[in-house]
Amino acid sequence: MVVRDTDIMHPKPQTRREFLAQTGASAAVLVAGGLCSGANAFPAGPTMLEARPGTAQLLETANTKTAIWGYGGGVPGPVLRIKRGGELWVRLQNRLSQPTTIHWHGIRIDNAMDGVAGLTQAPVPPGETFDYRFTAPDAGTFWYHPHNRTWEQMARGLYGVLIVEETNAPDVDQDIVMVVDDWRLGENGAIHEASFGSIGERAHAGRLGNILTINGNPAGQFNVRAGERVRLRLINTCNARILKLRFEELKPQVLALDGQPVAPYSLENAIATLGPAQRMDLLIDMTGHPGALQAITEVSQSRLVAARFHYNARDALPARTGTVRLAGNGLAEPDMTSARKVDLVMSGGAMGQANKIAHRGKTYSIRELVREHGLVWAFNGVAGMPKKPLFKARRGETIAVRMVNETRWPHAMHFHGHHFREAHRHAPWLDTILMEADETRTVYLVADNPGKWMLHCHMLEHQAGGMATWFEVEA
Ligand code: C2O
Ligand code: CU
């Protein structure tokens, strides 16, 4: 596997001009990474990954740096790359003031390596280490983040990208990683800490930032050449924001969702919608002219230019024809006719009906639950991790989870250790599905990965506010 030093380096104070020069350079580094083959390039032994405080230039104002927590002290952490079927071996060194873990989001991983504090491992205390060592069965775009006080640790900047390369790499000119995050900063540029854990954030849409960054920078600039074919890997690392990214003047095609290939299709209105934790791999033919600038605009709230493609002056390459198809990862097809049905009813939150909610064997009104435990959401009438799993599956059994959103809010429901899909014929494989208010959706998964797996809302304040449960797959 490959970790590039440039990815781990700490950003220095910089002027706007230096910033632009540097983002161009870092895009080039990502390209180089995309083309080199990672496996076997480095000697055996773990890659050190330090979770520690650092600083980042999140604001455009020169010299206003933000104290963050990051892997390697930077945000995002290093881009880790392995080949499909290859092994990742990372030694987490905790240099934070809190216990932490690493969860490898979307990887159909060995349960002991899933990184869920309190379910699959004890959290790693400050000063200690933990080795994560596993193979990655699926090629695609994945990411990693803590799974202990996730709402705080991720909001402070702890996350990074894990790319599992296809055995046969698709024919593209550039492979660009675009990590999109929003941050809630105070006027001094510091992370707004007073709001951590607030019931207001928990009961509504979650923590929505006032600053948007691309790969940890206040603006993203990606250097391209006219006629190039780009693979763009989008990753939503926001605590709670549903991103809507519009590609001005371009016609992106979707190649994969949540790491799993799809039959390529065009993005409707050139807008990529990504719930928290979701990924989207796009194929973009760069049809602008030499010297052009094309914006990627975030339109979920107001219109904000998030990033730009900057075309260099070189002559256009001949236009590409046809598309790229990524080979599927061969996930087991659910047996929809004999699937065992499980209901998951989501309730609570602001403007929800104030039903009785159970927590640790006691029953509360929502008002009491908020006051006594800071909890405000429930699955099947239970707030927080229940003692018993939502279901216990025989290995290989197909489970149909019917999710009923009885709340006034959207949710990004994430299953660990498995991908799932809906019943309609072209439904994609996902690990995180966006549910609208009042929506009901049924997802099917083949419970073929033994262990105890979490299932929760990836709007991290909702998770912390009670939207968490688990299921078990027998060995
Ligand atoms: Cu991305 Cu339970 O996590
Ligand atoms: Cu939610």
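Each ligand, and each atom within it, is numbered from 1 in the order the structure gives.
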Visitor: Measure up the Tyr364 and His373 rings against each other and bin them: parallel (under 30°), tilted (30 to 60°), perpendicular (over 60°).
Guide: perpendicular

Visitor: Checking one value in my table: which N/O/S atom of His416 lies closest to atom 2 (Cu) of ligand 1?
Guide: NE2

Visitor: I'd like to know if atom 2 (Cu) of ligand 1 has an N/O/S atom from His147 within less than 2.8 Å of it, counting both backbone and side-chain atoms.
Guide: yes

Visitor: Would you name the N/O/S atom of His456 that lies closest to atom 2 (Cu) of ligand 1?
Guide: NE2

Visitor: Side chain of Arg156, backbone of Ile68: donor and acceptor closer than 3.5 Å?
Guide: no

Visitor: Report yes or no: does Tyr132 contribute a side-chain atom to a donor-acceptor pair with the main-chain N or O of Ile102 at less than 3.5 Å?
Guide: yes

Visitor: Would you call Met413 and Phe379 a side-chain contact if the rule is heavy atoms closer than 4.5 Å?
Guide: yes

Visitor: Which label fits His416 and His103: parallel for a plane angle under 30°, tilted from 30 to 60°, or perpendicular past 60°?
Guide: parallel

Visitor: How many protein N, O or S atoms are found at a distance of less than 2.8 Å from the Cu ion (ligand 2)?
Guide: 3

Visitor: Classify the angle between the aromatic ring planes of His458 and His145 as parallel (below 30°), tilted (30 to 60°) or perpendicular (above 60°).
Guide: perpendicular

Visitor: Nearest N/O/S atom of His458 with respect to atom 1 (Cu) of ligand 1, by atom name, please.
Guide: NE2

Visitor: Please verify the inter-ring angle class for His204 with Trp409; under 30° counts as parallel, over 60° as perpendicular, anything in between as tilted.
Guide: perpendicular

Visitor: Rounded to 10°, how many degrees is the angle ND1/His105-atom 1 (Cu) of ligand 1-NE2/His145?
Guide: 130°

Visitor: Taking Ile211's backbone N and O only, do any of them form a donor-acceptor pair with Asp182's side chain (distance below 3.5 Å, no angle check)?
Guide: no

